[in-house]
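Okay, so here's the structure we're looking at.
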Amino acid sequence: MKRRKIVFMGTGPFALACLKALWDGRDAWDVAAVYTKAPKKAGRGMQVRDGAVAEFAREKGIPLVQALTLRTEEAQAAFRAIGADAAVVASYGLILPKGILEAPAFGCVNVHGSLLPAYRGAAPVQRAVMNGEKKTGVTLMQMDEGLDTGDMLAAAETPISDTDTAGDVFDRLALLGASLLTEKLPLLFEGALTPVPQPQEGSSYAAKIENAEQCLDFSRPAAELDRLVRGLSPVPGALCHFEKDGKVLKIRAARAVAEEHAGQIGQVVAVKPRVLVKTGAGTLELLTVQPEGKGQMSARDAVNGRRIVPGDRLCP
RNA sequence: CGCGGGGUAGAGCAGUUGGUAGCUCGUCGGGCUCAUAACCCGGAGGUCGUGUGGUUCAAGUCCCACCCCCGCAA
């Protein structure tokens, strides 16, 4: 059988796992090029910094394309010139226009971090954890012009435990997605995969995380806040503010405890032996926090340094 | 040259107008207790980021240079 040419398109850490898997399986196919989103000036000091995918491609000597958009005719011509048999797309961050989608004989295959048709969109893993889903997974999908609406080629599941963070689930999905990809790709090339249209029923949309969603509203039940903290971990992280000085306190890890304490909502009702905050229903135990301008520390350390004092009120 | 916070004991912090380096926790030893993550007593542990830098009788503290960490914004 002819050796197939694959173009990989991806940007985030989820993408890196897939790219690595493709690279490790390069005996079976040719990784002809890597597309990743062009880096912008960002971060402290506004430096231009390459992403992990770009770094990997450079290290392995794979031709690298860092485009800002694929809408232009030149970009699409350049893509066609590679003569790829298929494109593999994972958290790329750019919209693929029709001219790209239709260029490869086997189309563009997306690795998506949810069990479609649920959680289409930008933040499927975080949303699943925030909503308290018991399981999620990855879906291999034949891309079309819609937002994660293409026909499904394969899927794999993983359970979500009630202590999993989005990061934990993410790591698992990356591995799952990578192995699903390398397992099913040969079948795709043989024409042995049957595309299944996504059912209408059960579809949902996982919008990207808005800034305001990072704020913990302590009038909500502790269990919900627990899920929010886990869903936002490790990035961007949940946060609240000290009422006394307005300083930010990031809550990196916390858990709901089924106790009720006297006090006001959002108030630190105890710091010893555990750091407890009263919520609308139940109590939230702070485990790991990060005061403004400081690194992560245990809630215990924050108390020792008097960064958290009993009676402090926390607000969104 | 985007804005800002910070590097002091194993950890988290304080250190006022320069004058013998402190607090909470941990740790080690002892005590109290049926018991304890509780309480009491005692001990160990610090070249105060780097510069055989500058000012000074005297620098953690003031000045200069450099290194590193972090928050925001993107």
Side-chain angles (χ1 to χ4, degrees), chain A residues 10-16 36-55 66-69 91-95 121-123 126 163 165-167 207-218 225 228-263 266-278 283-316:
Chain A
T11 302
F14 193 69
L16 186 61
T36 195
K37 201 154 95 176
K40 292 182 294 191
K41 284 211 265 185
R44 200 176 296 129
M46 299 299 273
Q47 302 286 316
V48 176
R49 197 178 281 278
D50 270 343
V53 169
E55 240 171 63
Q66 294 180 293
L68 280 168
T69 176
S91 71
Y92 182 35
L94 290 185
I95 291 170
Q126 290 96 319
T163 55
T165 65
K208 79 172 196 188
I209 309 292
E210 298 293 333
N211 254 346
E213 294 180 79
Q214 300 169 25
C215 296
L216 293 172
D217 175 358
F218 289 101
L225 297 171
L228 181 60
V229 169
R230 286 186 288 113
L232 294 176
S233 169
V235 286
L239 59 82
C240 56
H241 298 82
F242 285 104
E243 190 182 60
K244 58 183 177 188
D245 56 13
K247 290 268 178 66
V248 172
L249 181 69
K250 280 204 177 190
I251 308 300
R252 311 287 351 190
R255 78 173 156 226
V257 292
E259 302 167 10
E260 289 293 349
H261 292 261
Q267 190 167 36
V268 177
V269 292
V271 296
K272 206 164 57 170
R274 295 171 300 162
V275 182
L276 302 176
V277 180
K278 184 173 176 63
T283 304
L284 193 68
E285 177 185 359
L286 305 186
L287 300 171
T288 307
V289 300
Q290 183 168 16
E292 187 173 316
K294 306 299 283 187
Q296 291 192 27
M297 64 184 74
S298 66
R300 164 71 27 216
D301 282 343
V303 168
N304 283 339
R306 314 232 90 208
R307 283 179 180 274
I308 298 177
V309 174
D312 274 349
R313 276 200 78 189
L314 304 171
C315 50

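All of these numbers come straight from a predicted model, not from anything done at the bench. Heavy-atom basis, side chains included; hydrogens, waters and symmetry copies ignored.
A sub-4.0 Å separation between OP1 or OP2 of C70(B) and a side-chain N or O of Q296(A) is absent. Between C72(B) and K250(A), a contact under 4.0 Å exists linking OP1 or OP2 to a side-chain N or O.
Here side chain to side chain donor-acceptor pair (under 3.5 Å) pairs that include residues 248-257 of chain A, with residues two or more places apart or in two chains, are R252(A)-Q290(A), R255(A)-E285(A). For residues 286-306 of chain A, no residue pair satisfies the salt bridge (Lys or Arg N to Asp or Glu O under 4.0 Å) rule, not counting sequence neighbours. For residues 44-55 of chain A, the set of pairs meeting the salt bridge (Lys or Arg N to Asp or Glu O under 4.0 Å) definition, not counting sequence neighbours, comprises D50(A)-R58(A).
Partners of T165(A) by side chain to side chain donor-acceptor pair (under 3.5 Å), not counting sequence neighbours, listed by chain and number: D168(A). Take A122(A) and apply the side-chain contact (heavy atoms from CB on, under 4.5 Å) test, not counting sequence neighbours, and it matches K208(A). Residues passing the salt bridge (Lys or Arg N to Asp or Glu O under 4.0 Å) test with R313(A), sequence neighbours excluded: E243(A). Scanning for side chain to side chain donor-acceptor pair (under 3.5 Å) contacts around D245(A) gives an empty result, with sequence neighbours left out. A search for salt bridge (Lys or Arg N to Asp or Glu O under 4.0 Å) contacts involving K244(A) returns D312(A), not counting sequence neighbours. L228(A) pairs by the side-chain contact (heavy atoms from CB on, under 4.5 Å) definition with M130(A), L216(A), L232(A), not counting sequence neighbours.
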Going 5' to 3' through nucleotides 35-43 of chain B, assign each nucleotide B (protein heavy atom under 4.0 Å from a base atom), S (under 4.0 Å only from sugar-phosphate atoms) or - (no protein heavy atom that close).
----S----
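N211(A) has its CG atom 11 Å from the C1' atom of A74(B), to the nearest Å.
Nearest-nucleotide positions on RNA chain B for K40(A) and S298(A) put S298(A) closer to the 5' end.
The C1' atoms of G54(B) and G15(B) are separated by 24 Å, rounded to the nearest whole Å. As rounded to the nearest Å, C32(B) and A38(B) have C1' atoms that lie 11 Å from one another.
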Nucleotide N/O to protein N/O under 3.5 Å, stretch nucleotides 21-24 of chain B:
{"residue": "U24(B)", "atom": "O2'", "partner": "N304(A)", "partner atom": "OD1", "Å": "3.1"}

Quick test: give all pairs of protein nitrogen or oxygen and nucleotides 1-4 of chain B nitrogen or oxygen below 3.5 Å, distance rounded to 0.1 Å.
{"residue": "G2(B)", "atom": "O6", "partner": "G43(A)", "partner atom": "O", "Å": "3.4"}

